[in-house]
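Worksheet: the structure to be examined is printed underneath.
Here is how names work: the chains are called A, B, and so on, in the same order as the sequence lines, proteins then strands, and each is numbered from 1. The structure displayed is predicted, hence computed values, not measured ones.
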There are 2 protein chains.
Amino acid sequence: MTIPDTDSLAAKQRLLDAAQGEFADRGFDGATVRTICRKAGVNIAGINYYFGGKEDLYIEAVKQAHACAGRMDTFPVPVAGTPPVEKLRAFIREMVSRMHTPARPAAMKLMMREMADPGKAAHVVVDEFIRPAAFALREILRELLPKLSEERLLMTGFSVIGQCLFYRQNRPITELIFGKEAIDTLDAESVAEHVVQFTLAALGFAEPVGKGRDKAAIRHPKRGRRV
Amino acid sequence: MTIPDTDSLAAKQRLLDAAQGEFADRGFDGATVRTICRKAGVNIAGINYYFGGKEDLYIEAVKQAHACAGRMDTFPVPVAGTPPVEKLRAFIREMVSRMHTPARPAAMKLMMREMADPGKAAHVVVDEFIRPAAFALREILRELLPKLSEERLLMTGFSVIGQCLFYRQNRPITELIFGKEAIDTLDAESVAEHVVQFTLAALGFAEPVGKGRDKAAIRHPKRGRRV
DNA sequence: ATATATTTAAAACATACGTTTGACTTGTTG
DNA sequence: CAACAAGTCAAACGTATGTTTTAAATATAT
């Protein structure tokens with residue numbers, strides 16, 4: 001029995017990286033083992049040798065992707081006593097930021113693809129990435145709006161997430177409608193600011209959109225409830 | 001030259017219907033011409049005979065789908081003089097309704113799939129289905145909030161659409177997270193009501209979520225701006 | 001009624017895919 | 001050195017797919 005040397009480890013890792021890119025760009029069916037192996041500089045047989053088959057390679061690629069993209073439960077945890085409004089603001093900022101300019105675009109792309117129609121690797125993404133974020137948001141909202149029913153709490157969370165996901169899930173379509181240039185001008189900061197204000201206003205913690213003086217209205221609400 | 005008789009029309013139409021279902025369920029690559037032909041009760045050669053190939057069949061299926069799903073620019077046009085708030089309310093209701101319980105589920109599914117990663121039939125869907133709706137919404141919002149910049153106008157529209165699309169685009173994932181039962185209880189009416197109130201509150205035309213008396217707050221805003 | 005065009009049917013074709021095979025190289029161990 | 005396992009490689013295998021071909025059946029028009 002030999003301990004795999006650096007070269008073989010590198011081969012396996014190159015395979016995973018190439019797979020991540022190809023699966024992200026073309027999906028499970030669209031990607032071919034031949035292309036992945038060529039991009040990785042590994043022989044065709046390498047996939048079956050190291051992973052046992054295309055499907056196992058895919059699952060491993062998704063696992064690595066979700067690890068690389070950063071886990072949702074590692075959101076910057078606010079210091080104790082942070083007002084819930086600030087927690088919500090931080091959550092939205094982080095969410096929009098990760099959607100807009102992820103550290104590993106291919107990894108994020110692959111994860112989103114797996115979310116779009118969940119396959120055999122979905123539960124991994126959900127368990128370690130999505131669910132913690134969803135529950136964290138729900139707790140923030142519960143703290144913010146204690147009187148809200150569970151159903152409304154759920155839908156309110158969906159309203160927040162829906163806004164954040166929209167720009168990533170529908171970017172190609174929005175570019176087709178309004179032109180690539182118009183969409184490109186919407187940087188992560190602007191989007192985050194907008195979603196924060198839109199959401200806080202909807203919940204009564206900031207001036208309504210179109211009132212007040214934009215960002216100033218967010219930071220110093222005059223009619224918004226205090227927390 | 002002969003006019004196609006009813007049987008041949010039926011064969012072509014059966015092919016289109018079967019294609020719509022298969023493409024919707026399995027995507028372009030996942031669907032096979034053999035399965036489509038079998039479901040349509042037509043010989044394998046029929047696809048190439050009637051449409052010239054799988055791809056042309058797909059495009060035709062998408063065209064028929066967008067026609068069946070109802071064109072977005074045929075949204076119930078409000079009577080002249082309708083307050084913009086009412087227009088927005090009607091828009092959201094129609095949008096959520098069509099997303100939640102479409103008249104032709106397969107058709108809607110196929111359209112959403114084509115939107116998710118736009119292919120050769122995307123421009124058809126965009127030109128005749130999506131763009132009119134997007135522009136209509138923008139005009140409603142412009143009328144509602146004349147002072148808003150173009151950029152904010154765009155993002156506000158995205159906030160509305162993002163909420164409406166979320167439930168359809170992410171239903172499988174939400175079911176994985178919160179359980180199928182919890183999601184199933186969110187009927188179209190509840191969702192529409194919530195999105196309407198959330199949005200109107202964000203724009204300053206209704207009570208914030210969690211304040212007031214739910215629907216009553218929507219219909220009789222006390223602090224909301226008058227229109 | 002005959003000729004022509006249209007439609008249906010079965011089989012074959014060419015290609016691309018995931019996988020497997022078997023030989024060859026390399027590195028470690030007794 | 002010999003033996004053995006791990007890694008690498010090119011070639012082949014079996015299968016599924018979209019398409020084409022060829023021929024028969026059916027309908028339409030003159």
Side-chain angles (χ1 to χ4, degrees), chain A residues 1-63 110 113-114 117 119-121, chain B residues 1-63 110 113-114 117 119-121:
Chain A
M1 176 71 88
T2 33
I3 297 170
D5 58 313
T6 56
D7 274 351
S8 66
L9 276 179
K12 196 169 178 179
Q13 189 56 47
R14 284 201 312 272
L15 230 32
L16 272 174
D17 290 337
Q20 200 171 99
E22 280 297 299
F23 285 137
D25 285 342
R26 310 185 191 281
F28 179 77
D29 293 316
T32 73
V33 294
R34 283 174 170 85
T35 304
I36 292 172
C37 286
R38 180 158 36 82
K39 289 205 173 186
V42 174
N43 189 271
I44 313 285
I47 285 183
N48 290 277
Y49 179 74
Y50 284 112
F51 299 94
K54 186 188 186 183
E55 189 164 307
D56 306 82
L57 171 64
Y58 178 76
I59 294 174
E60 288 306 312
V62 172
K63 280 185 183 171
L110 182 53
R113 197 182 270 276
E114 182 66 16
D117 54 10
K120 283 144 190 152
Chain B
M1 177 71 84
T2 34
I3 296 172
D5 60 309
T6 57
D7 274 351
S8 66
L9 276 180
K12 197 170 177 179
Q13 189 57 45
R14 284 202 312 273
L15 228 34
L16 272 175
D17 289 338
Q20 201 171 97
E22 280 299 298
F23 283 137
D25 285 342
R26 311 187 190 281
F28 180 77
D29 293 316
T32 72
V33 295
R34 282 176 170 82
T35 304
I36 293 172
C37 286
R38 178 159 35 82
K39 290 206 173 184
V42 173
N43 190 269
I44 314 285
I47 284 182
N48 291 276
Y49 178 74
Y50 285 112
F51 299 95
K54 185 187 187 184
E55 191 166 306
D56 306 83
L57 170 64
Y58 178 74
I59 294 176
E60 289 305 313
V62 172
K63 280 185 184 172
L110 182 54
R113 198 182 269 276
E114 183 66 16
D117 55 13
K120 283 145 188 154

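Legend: residues meeting ring pair (Phe, Tyr, Trp, His ring centres under 6.0 Å) with F28(B), ordered by chain and number and at least two apart, are F23(B), Y58(B). When the salt bridge (charged side-chain N to carboxylate O under 4.0 Å, His left out) test is applied to D25(A), the partners found at least two apart in sequence or on another chain are K109(A).
Straight-line distance from the CG atom of N48(A) to the P atom of dG22(C): 15 Å, rounded to whole Å. Y49(A) places its OH atom 9 Å from the C1' atom of dT8(D), with the value rounded to the nearest Å. The nearest whole Å value for the distance from the CG atom in D56(A) to the C1' atom in dG18(C) is 12 Å. Between the P atom of dT8(D) and the NZ atom of K12(A) lies a distance of 12 Å, rounded to the nearest Å.
Within residues 19-38 of chain A, the residues that place at least one heavy atom under 4.0 Å from DNA chain D are, in residue-number order, R34(A). Contacts between residues 39-47 of chain A and DNA chain D, defined by a heavy-atom separation under 4.0 Å, are made by N43(A), A45(A).
Of the candidates Q20(A), Q13(A), R14(A), Q13(A) is the only one forming a side-chain hydrogen bond (donor to acceptor under 3.5 Å, both in side chains) with D17(A).
Atom CG of residue L57(A) and atom CD1 of residue I47(A) lie 5.0 Å apart, to the nearest 0.5 angstrom. Between the OG1 atom in T32(B) and the CZ atom in R26(B) there is a gap of 8.0 Å [rounded to 0.5 Å].
Counting heavy atoms from C-beta outward, F51(A) and L16(A) have side chains that approach closer than 4.5 Å.
Note on Y50(A): a side-chain N or O is less than 4.0 Å away from OP1 or OP2 of dT8(D).
Side-chain atoms of K54(A) lie closest to dG18(C) of the nucleotides dT19(D), dT8(D), dG18(C).
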Side-chain donor-acceptor pairs of residues 36-44 of chain A under 3.5 Å, sequence neighbours excluded:
residue : atom : partner : partner atom : Å
K39(A)  : NZ   : E22(A)  : OE2          : 2.9
N43(A)  : OD1  : A45(A)  : N            : 3.0

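For residues 43-59 of chain A, the pairs satisfying salt bridge (charged side-chain N to carboxylate O under 4.0 Å, His left out) are E55(A)-K120(A), with sequence neighbours left out.
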